[in-house]
2 protein chains.
Amino acid sequence: MANKNLPRPTEGELEILQVLWALGPASVRQVNDALSANRSVGYTTTLKLMQIMVDKGLLARDTSERTHIYRAVVAERDTRQNLLQNLVDQAFGGSAMDLVIQALGSHRATPEELEEIKALIERLEKDE
Amino acid sequence: MANKNLPRPTEGELEILQVLWALGPASVRQVNDALSANRSVGYTTTLKLMQIMVDKGLLARDTSERTHIYRAVVAERDTRQNLLQNLVDQAFGGSAMDLVIQALGSHRATPEELEEIKALIERLEKDE
DNA sequence: TTTGATTTACGAAGTCCTTCGTATATACTT
DNA sequence: AAGTATATACGAAGGACTTCGTAAATCAAA
């Protein structure tokens, strides 16, 4: 029975998760190549971080071949949810709606996005 | 001209900022008492953290009396904005609207809040 | 086969964050 | 005045995070 009380990923770990969410299961080499497209990072740095993430339970790996294949254990949506909840609690006094209002007010949204949000609100109001 | 490139506050620093935003300028004793209402924290721990925050430019202090009085240099709204932007960049691929949609969909909102958000959207649509 | 490339494992350095003990100075109380 | 309480300053320990060097094993190429 897997323990689902996984730790919140750090910034560096989040970068690796993004890559694995995009690529699916991948080797250290593949992840490091993807990270290297954005910034300079040593191969063993990426390796070490991914090994630590396995220890933490954030990643799992297949070691049946010489080149180990890693995959994300945590889902992107769940991770986003945890980080969101964390920010709401820490900086918005627990009010997710305060966060929504500030995000809406300070970031440019396209008309399509605004329509999508309106539709979502309609649905929420019906559920009440 | 003050340099406004202030660092992102840590979790512990954010707790102290919340207190100072609520109380206004206050002593270490007052801040520590407020923090102690929620969790056990030593007086010198709070003192040290607040001194570090002065070094970083997050707080300013009046040392004209024996008991120094500290105040937040950064505004609550600006800090929220920075943390929000950070989360959007790190976990939502830069899309603030993806964040809004996830927050709306996964947190309970009161009808009043939904009305407020709808009104905000109406205003945004007129500005387009 | 020998050489070079790739991969994993291990450990250690450096930084940042949190926490607290101790020393020193100042104010208050009796 | 003596002793107690309160405040600041300083340093250091411990943990977490990031980074990388080096060693050992495996594979590929000359």
Side-chain angles (χ1 to χ4, degrees), chain A residues 5-20 23 25-36 38-71 74 79 82-83 86 90-91, chain B residues 5-20 23 25-36 38-71 74 79 82-83 86 90-91:
Chain A
N5 266 5
L6 300 176
R8 181 155 40 96
T10 66
E11 288 193 25
E13 290 170 347
L14 204 46
E15 282 187 306
I16 288 172
L17 285 173
Q18 308 264 22
V19 172
L20 288 176
L23 296 185
S27 66
V28 175
R29 175 66 55 194
Q30 288 173 292
V31 172
N32 189 65
D33 285 351
L35 293 181
S36 297
N38 300 324
R39 62 187 186 90
S40 174
V41 54
Y43 176 85
T44 58
T45 299
T46 303
L47 169 65
K48 179 70 161 186
L49 206 31
M50 290 173 74
Q51 289 173 338
I52 290 173
M53 291 171 77
V54 171
D55 285 344
K56 291 184 178 177
L58 294 172
L59 302 186
R61 66 175 170 177
D62 175 355
T63 62
S64 63
E65 303 290 329
R66 183 167 99 98
T67 299
H68 298 352
I69 300 298
Y70 293 75
R71 65 177 176 83
V74 292
T79 301
N82 286 339
L83 294 170
N86 192 257
Q90 276 182 28
Chain B
N5 267 4
L6 299 177
R8 181 157 38 98
T10 67
E11 286 193 25
E13 290 169 347
L14 202 47
E15 282 186 307
I16 288 172
L17 284 172
Q18 307 264 23
V19 172
L20 289 175
L23 296 185
S27 66
V28 175
R29 175 65 56 193
Q30 290 172 289
V31 172
N32 189 63
D33 285 351
L35 293 181
S36 298
N38 299 326
R39 63 186 186 91
S40 172
V41 53
Y43 176 84
T44 57
T45 299
T46 303
L47 168 65
K48 180 69 162 186
L49 205 32
M50 290 173 74
Q51 288 172 337
I52 291 174
M53 291 171 77
V54 171
D55 285 344
K56 291 183 178 179
L58 294 172
L59 303 185
R61 67 174 170 180
D62 175 356
T63 63
S64 62
E65 302 291 329
R66 182 168 98 100
T67 299
H68 299 351
I69 300 298
Y70 294 73
R71 65 177 177 81
V74 291
T79 300
N82 284 339
L83 294 171
N86 192 255
Q90 275 184 28

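Proteins get letters first, then strands, A, B, ... in listed order; numbering begins at 1 in each.
Between L49(B) atom CG and E15(B) atom CD the span is 9.0 Å, to the nearest 0.5 Å. For the atom pair M50(B) CE and R61(B) CZ, the distance stands at 9.5 Å (nearest 0.5 Å).
In this structure, CD of E11(B) is placed 7 Å from P of dT18(C), rounded to the nearest angstrom. Atom pair Q90(A):CD and dC17(C):P shows a separation of 14 Å (rounding to whole Å applied).
Shown here for A91(A) and L14(B), the closest heavy-atom pair between the two residues is CB-CD2, 4.2 Å.
At least one donor-acceptor pair under 3.5 Å links the side chain of Q18(A) to the backbone N or O of Q90(B). The backbone N or O of L47(A) lies less than 3.5 Å from no partner atom in the side chain of T44(A), so there is not a single donor-acceptor pair.
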What verdict does the side chain to side chain contact (heavy atoms under 4.5 Å, CB included) test give for Y70(A) and Q30(A), after you've listed the backbone C-alpha separation in whole Å, the side-chain angles of each residue and the deciding distance to 0.1 Å?
CA-CA 10 Å; Y70(A) 293 75; Q30(A) 288 173 292; over 6 Å; no
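Across all strands, R8(B) comes closer than 4.0 Å to no nucleic acid atom at all (heavy-atom distances).
For N82(A), there are no side-chain contact (heavy atoms from CB on, under 4.5 Å) partners, not counting sequence neighbours.
Proximity of residues 42-53 of chain B to DNA chain D (heavy atom under 4.0 angstrom from any strand atom) is restricted to Y43(B), T44(B), L47(B), K48(B), Q51(B). DNA chain C lies under 4.0 Å from at least one heavy atom of each of the following residues of residues 55-68 of chain A: R61(A), R66(A), T67(A), H68(A).
Ionic pairing of R8(A) and E11(B) is present here: one or more N-O contacts between side-chain nitrogen and carboxylate oxygen are shorter than 4.0 angstrom.
Of the side-chain N and O atoms in R29(B), none sit less than 4.0 angstrom from OP1 or OP2 of dT6(D).
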